[in-house]
Every structure is written in structure tokens, then in C-alpha cells.
Amino acid sequence: MWLGAMVALYSAVVAFLTLTFQYINTAFPDALSYSYDPYSSSIRFAIATLIVAFPLFLVLMRFIRNDITAHAEKSDLWVRRWALYLTVFIAGFTIATDLVTLIYYFLDGEITMRFILKVLIVLLVAGGGFMHFLADIWGYWIKNPNYAQYVGYAVAVLILATVGSGFLVIGSPFDARLYKFDEQKVSDLQNIQYQLVNYYQQKGSVPSALAELYDPI
């Protein structure tokens, strides 16, 4: 259960950061980026991951905490200490890396609003995870299970808001299907354009009908 909880946690955190980064990219487009896909597969995959991974993490942690409450000696299991200390280490390392990145790009003159927002989001997520699991190491959540539930509810509301915002960006599944139809139409038109240019280059004229483009080979 600890392994499953940690995998679900890391997957949910990565998905959450991916979503928020994409939202920032939408709100603050980069002038150096020449294309933007509002139906990006990264957004859809991040939403799907959050919908599955975060509730799974909450359920597993509920089982784990209830088990520790019933069997206090399990709070000293090596797997629990390993999972908690590893998570605190990763969170602390992420905070340090985030600050180094901020200072580096500041000195390089590449500070933009969307870069600052991304740095702040990483700092908040990593800082929140660091404090939460550090408190877990100290046994705070075991002594105060009600507070742990409040934190879980607050994070759940944040996740719901983040996932809901994704549908505002990419639209409904029906809109995504219409977008795929549009992509296919554009691809077909580009193919026809290529065939027309090729026909003209070979024969010096354009065909009177598309049927003349037919090539059995």
C-alpha cells in the first residue's frame, strides 16, 4: 500500500504541474512559440491521470492511517520511514533546484511572468509536500487525524478546480472529436494541394477535375 500510495502521489503531482503549466502557457503565450494546440494530448493525459491517481492516493493513505491507528507499532515500519524520508528528500531537492533555476534565469535576463508563475507553483507544491510529510514523520497527522482529513479535503477541492479548468481550456469531449475531424479535413486538403502541384509540375496545367489526379499505383 505504501508503494502504491507513493506512485499515485508522484503521478498526481506531475499531472498537476503539467496542467497548471499548460494553463499558464495559455494565459501568457510565448511570442517565440509559433504554434499552440488547445487540445494538447498532455492536457488530456494529465487530467486523466489526476482523476485516477489522486483519489487512489487518498484511499490508500486512509487505509494506511487507519491501520497505524489500530496497530501503533506499524508506524515504525521500515517501508513507512523509507517512503516518508524519500518524499521529503525529493521535495527538498525540488525546492532547492527551483530556487537555483529562478536565480539562474534572473541573472540571464530571461525572467517572464509565466516563468515566475511556474517557479512559484513548483515552490508551493514542493513546499507543501515537504511540510506535510515532515509532519507525518513527526507523527503529527497520527495524533491529529481530523486535521489530516481537512488537508485532504482542501487538496481535493484544489484538484477538482484544476481538472474543471482543463475542460474550459480544451472544451468538452465532443469539441475534441470535432477538432479531430477538422484536422483530418486539413490533412486531406494538404494532400490534394500536393497532388495538384505535382500534376502541374509534370504536365504544365491543372486538372479540370480531381478525378484526373487518380493514380492506380
Exercise for the section: Test side-chain contact (heavy atoms from CB on, under 4.5 Å) on Thr87 and Tyr10 and set out the steps. Expected result: CA-CA 9 Å; Thr87 304; Tyr10 298 151; 2.8 Å; yes
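- Looking only at side-chain heavy atoms (C-beta outward), Thr94 and Phe130 stay at 4.5 Å or farther from each other.
- Screening Asn66, Leu58, Leu60, Val59 for a side-chain contact (heavy atoms from CB on, under 4.5 Å) involving Arg62 leaves a single residue, Asn66.
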Practice task
Step by step, work out the side-chain contact (heavy atoms from CB on, under 4.5 Å) result for Asn25 and Lys118.
Solution key: CA-CA 10 Å; Asn25 291 339; Lys118 289 179 181 180; 2.9 Å; yes
Exercise for the section: Take Leu189 and Tyr194, measure what side-chain contact (heavy atoms from CB on, under 4.5 Å) needs, and give me the verdict at the end. Expected result: CA-CA 9 Å; Leu189 289 172; Tyr194 168 78; over 6 Å; no
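- Looking at Arg80 and Ile68, their side chains come closer than 4.5 Å, going by heavy atoms from C-beta outward.
- Here the shortest heavy-atom pairing between Ala5 and Phe57 reads O-CD1, 3.2 Å.
- Here the side chains of Tyr199 and Val206 are not in contact, with every heavy-atom distance at 4.5 Å or above.
- When all heavy atoms of Ser11 and Ala53 are compared, the closest pair comes out as CB-CB, 4.1 Å.
- Interatomic distance, Gln22 CD to Ile43 CD1, rounded to the nearest 0.5 Å: 4.5 Å.
- To the nearest 0.5 Å, atom CG of residue Leu86 and atom CZ of residue Arg81 are 14.0 Å apart.
- Between the OG1 atom of Thr18 and the CD1 atom of Ile47 there is a distance of 11.0 Å, given to the nearest 0.5 Å.
- Clustering ILVMFWY residues whenever any of their side-chain heavy atoms sit less than 4.5 angstrom apart, transitively, puts Phe133 in a cluster other than the one holding Leu3.
- By the 4.5 Å heavy-atom criterion applied to side chains, Leu84 and Trp2 are counted as neighbours.
- The hydrophobic cluster containing Leu160 does not contain Phe54, counting ILVMFWY residues as joined when their side-chain heavy atoms lie under 4.5 angstrom apart, directly or transitively.
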Practice task
Show your reasoning for whether side-chain contact (heavy atoms from CB on, under 4.5 Å) applies to Tyr147 and Val151.
Solution key: CA-CA 6 Å; Tyr147 292 164; Val151 172; 5.5 Å; no
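- With respect to the salt-bridge test (charged N to carboxylate O, under 4.0 angstrom), the residues Arg65 and Asp136 qualify.
- The structure places OG1 of Thr162 at 10.0 Å from CG of Leu17, a figure rounded to the nearest 0.5 Å.
- In the hydrophobic clustering of ILVMFWY residues, with side-chain heavy atoms under 4.5 Å counting as a link, Tyr150 and Ile159 come out together.
- In this structure, Leu19 and Ala46 approach most closely via the heavy-atom pair CG-CB, 3.7 Å.
- One finds the CG atom of Leu134 at 11.0 Å from the NE2 atom of His132 (value rounded to the nearest 0.5 Å).
- Val155 and Val157 are not part of a single hydrophobic cluster, where members link through side-chain heavy atoms under 4.5 Å apart.
- Thr20 contributes atom OG1, which lies 5.0 Å from atom CZ of Phe16 (distance to the nearest 0.5 angstrom).
- Between Ala161 and Ser165, the shortest heavy-atom contact is O-OG, 2.8 Å.
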Practice task
Any chance you could lay out the side chain to side chain donor-acceptor pair (under 3.5 Å) test for Ser208 and Glu212, step after step, and finish with the verdict?
Solution key: CA-CA 7 Å; Ser208 58; Glu212 297 181 26; 2.4 Å; yes
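- Of all non-hydrogen atoms in Gly129 and Ala91, the two that sit nearest each other are C-CB, 4.4 Å.
- Of all heavy-atom pairs between Leu213 and Pro207, the closest is CD2-CG, 3.9 Å.
- If you chain together hydrophobic residues whose side chains sit under 4.5 Å apart, Val7 and Leu77 never meet in one group.
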